[in-house]
Amino acid sequence: MDITIEELKERMDKGEKLNLFDVREEYEFDEFNIGATLIPLGELPDRLDEIAHLKNEEILIHCRSGARSGRAKDYLTAEGYANVRNVLGGMMAWQAAGY
């Protein structure tokens, strides 16, 4: 099940510890980010060791619009990650909401 920007913002505001990853490119991250860990989609297969300890935990993934993070979710799920959630609408929706 994916997560809306509203749900994510609420959980962030509560101070929850989240496993939040941004799969955009570095230049996009540098322009605007919400504090996620940057792992560009193209680097994800080579950087799985960085998140292997999260295989059974909730992982939240976002990108610009939700497309790349959707692909990242599919990839991680195929690699055995149990609870990967895509942030619907990505940073475009986040910024449109004025967060």
Side-chain angles (χ1 to χ4, degrees):
M1 186 172 107
D2 293 328
I3 185 169
T4 65
I5 58 164
E6 293 83 8
E7 290 173 278
L8 176 59
K9 177 78 165 93
E10 182 179 317
R11 291 178 64 183
M12 290 174 81
D13 288 348
K14 288 180 182 174
E16 281 188 45
K17 183 193 175 306
L18 303 171
N19 300 312
L20 182 61
F21 295 91
D22 185 335
V23 295
R24 298 176 299 161
E25 295 300 318
E26 189 170 347
Y27 74 90
E28 294 172 290
F29 181 85
D30 290 344
E31 288 174 9
F32 174 80
N33 71 76
I34 59 171
T37 300
L38 177 65
I39 302 181
L41 181 61
E43 297 177 15
L44 189 57
D46 296 326
R47 294 180 62 184
L48 282 181
D49 58 325
E50 295 176 36
I51 62 170
H53 64 287
L54 301 173
K55 218 161 194 174
N56 294 309
E57 293 186 33
E58 180 186 55
I59 296 175
L60 306 174
I61 303 180
H62 78 80
C63 65
R64 180 176 166 271
S65 67
R68 282 176 280 181
S69 50
R71 290 197 300 273
K73 173 188 170 180
D74 292 345
Y75 175 75
L76 290 175
T77 300
E79 290 293 317
Y81 287 79
N83 188 10
V84 184
R85 300 178 74 190
N86 184 11
V87 178
L88 299 172
M91 293 300 92
M92 289 176 66
W94 184 276
Q95 289 179 297
Y99 296 148

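If you're wondering where the values come from, they're calculated on a predicted model, not measured in any experiment.
- Through direct or indirect side-chain contacts shorter than 4.5 Å among Ile, Leu, Val, Met, Phe, Trp and Tyr, Phe29 is connected to Leu38.
- Note that the CD atom of Glu57 and the CG atom of Leu60 stand 11.0 Å from one another [nearest 0.5 Å].
- In this structure, the side-chain contact (heavy atoms from CB on, under 4.5 Å) partners of Ala93, at least two apart in sequence or on a different chain, are Ile5.
- Glu6 pairs by the salt bridge (charged side-chain N to carboxylate O under 4.0 Å, His left out) definition with nothing, not counting sequence neighbours.
- Side-chain atoms of Asn19 come within 3.5 Å of backbone N or O of Glu58 as a donor-acceptor pair.
- Hydrophobic clustering (ILVMFWY, side-chain heavy atoms < 4.5 Å, transitive): Ile3 and Phe21 are in distinct clusters.
- Lys14 meets the side-chain contact (heavy atoms from CB on, under 4.5 Å) test with Glu10, Glu16; sequence neighbours excluded.
- Under the side-chain contact (heavy atoms from CB on, under 4.5 Å) criterion, Ala82 pairs with Asn56, sequence neighbours left out.
- Annotation: side-chain hydrogen bond (donor to acceptor under 3.5 Å, both in side chains) contacts involving residues 86-97, sequence neighbours excluded, comprise Ser69-Asn86.
- In the hydrophobic cluster analysis, where Ile, Leu, Val, Met, Phe, Trp and Tyr join through side-chain heavy atoms closer than 4.5 angstrom, Tyr99 is grouped apart from Leu88.
- Listed by chain and number, the residues in a side chain to side chain donor-acceptor pair (under 3.5 Å) with Arg64 amount to none (sequence neighbours excluded).
- To the nearest 0.5 Å, atom CD1 of residue Ile34 and atom CE of residue Met91 are 3.5 Å apart.
- Hydrophobic clustering of Ile, Leu, Val, Met, Phe, Trp and Tyr side chains at less than 4.5 Å, counting indirect connections, unites Leu44 with Val84.
- Note on residues 27-37: pairs passing side-chain hydrogen bond (donor to acceptor under 3.5 Å, both in side chains), not counting sequence neighbours, are Glu28-Arg68.
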Which atom pairs, donor and acceptor, lie under 3.5 Å between side-chain atoms of residues 72-80 and protein residues at least two apart or in another chain?
from  : atom 1 : to    : atom 2 : distance (Å)
Lys73 : NZ     : Asp2  : OD1    : 2.7
Thr77 : OG1    : Lys73 : O      : 2.8

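- The CD1 atom of Ile61 lies 12.0 Å from the CZ atom of Arg71; values are rounded to the nearest 0.5 Å.
- Residues Met12 and Leu18 have side chains in contact (heavy-atom distance under 4.5 Å, counting atoms from C-beta outward).
- Taking the salt bridge (charged side-chain N to carboxylate O under 4.0 Å, His left out) definition, one finds that Lys9 meets it with Asp13, sequence neighbours left out.
- Residue pairs meeting the side-chain hydrogen bond (donor to acceptor under 3.5 Å, both in side chains) criterion with at least one partner in residues 42-52, sequence neighbours excluded, are Glu43-Arg47, Arg47-Glu50.
- Put simply, SG on Cys63 and CG on Leu41 are 8.5 Å apart, with the number rounded to the nearest 0.5 Å.
- Remark: Ala52 engages Tyr81 in a side-chain contact (heavy atoms from CB on, under 4.5 Å) (not counting sequence neighbours).
- Atom-to-atom distance recorded for Ile51:CD1 and Ile39:CD1 is 5.5 Å, nearest 0.5 angstrom.
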